[in-house]
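Because the structure is predicted, anything quoted here is derived from the model rather than measured. Heavy atoms only: backbone and side chains are in, while hydrogens, waters and symmetry mates are out.
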Amino acid sequence: MIALILVLLVIALHLYFMLLEIVLWTKPLGLKTFGNSAEFAQASALLAMNMGLYNGFLAAGLTWGLVENRNGWPLEVFFLSCVILAGLFGAYTVNKRILFVQALPAALALAALFLDI
């Protein structure tokens, strides 16, 4: 049950990231969230949409794993691992906060899957 809740949290986070990057990147919430100027946000909007699409794929993959129930366990492990690696890389290259916002929830969900809790 804990694993399910944590995987759902990771899905929700990535859907939110997708929304921020695809729809809200140049809007006040997107500007504030990412600390971008309006000029930078406008210039990088297509790049942000690309990042948002990837976050949507991660959410979709995790949802696929949940829909498959016990047969989806390998899918959940794979997509959570992708989230963790992306979070580690983002923390190293962009902002340390990504470690806690993206990688940590996925790592907790992955641990809960392996512990079967």
So do Gln102 and Leu13 actually touch side chain to side chain, heavy atoms under 4.5 Å? no
Under 4.5 Å side-chain linkage, directly or through intermediates, the cluster mates of Leu47: none
For residues 30-43, tabulate all N or O donor-acceptor pairs below 3.5 Å that involve a side-chain atom, not counting sequence neighbours.
residue : atom : partner : partner atom : Å
Thr33   : OG1  : Leu29   : O            : 2.7
Ser37   : OG   : Phe40   : N            : 3.0

Testing the basics here: between Ile22 and Met49, what is the closest heavy-atom pair and its distance to 0.1 Å? CG1-O, 3.7 Å
When rounded to the nearest 0.5 angstrom, what distance separates CD1 in Ile117 from CD1 in Ile5? 10.5 Å
Separation between CD1 (Ile2) and CG (Leu113), nearest 0.5 Å, reads 11.5 Å
Please check if Leu20 and Phe57 belong to a single hydrophobic cluster, counting links between Ile, Leu, Val, Met, Phe, Trp and Tyr side chain heavy atoms closer than 4.5 Å. no
Do Leu6 and Val10 touch side chain to side chain, with heavy atoms closer than 4.5 Å? no
With hydrophobic residues grouped by side-chain heavy-atom distances under 4.5 Å, do Leu108 and Leu62 end up in a single group? yes
Under 4.5 Å between side-chain heavy atoms, counting indirect links through other Ile/Leu/Val/Met/Phe/Trp/Tyr residues: same cluster for Val67 and Leu75 or not? no
Decide whether Leu88 and Val77 are clustered together by the hydrophobic rule: side chain heavy atoms of Ile, Leu, Val, Met, Phe, Trp, Tyr closer than 4.5 Å, transitively. yes
Could you check if a side-chain atom of Leu53 sits within less than 4.5 angstrom of a side-chain atom of Met18, using non-hydrogen atoms only? no
State yes or no: do Ile11 and Met1 share one hydrophobic cluster built from I, L, V, M, F, W and Y residues joined by side-chain heavy-atom distances below 4.5 Å, directly or via other members? yes
For Leu115, look at atom CG and say whether over 12 heavy atoms of other residues, nucleotides or ligands are found less than 6.0 Å away. yes
Step by step, work out the side chain to side chain contact (heavy atoms under 4.5 Å, CB included) result for Leu80 and Leu58. CA-CA 8 Å; Leu80 287 170; Leu58 292 170; over 6 Å; no
Determine the minimum heavy-atom distance between Ile84 and Ala106, stating which atoms define it. CG1-CB, 3.6 Å
Distance in Å, His14 NE2 paired with Cys82 SG, rounded so as to fall on 0.5 Å steps: 10.0 Å
Any pair with a residue in residues 86-117 that passes ring pair (Phe, Tyr, Trp, His ring centres under 6.0 Å), sequence neighbours left out, goes on the list, sorted by first then second residue, please. Trp73-Phe114
Working note: Glu21 + Tyr16, criterion side chain to side chain contact (heavy atoms under 4.5 Å, CB included); need CA distance, chi angles, decisive distance, verdict. CA-CA 9 Å; Glu21 293 165 346; Tyr16 180 63; over 6 Å; no
Roughly how far, to the nearest 0.5 Å, is CH2 of Trp25 from CG of Leu19? 13.0 Å
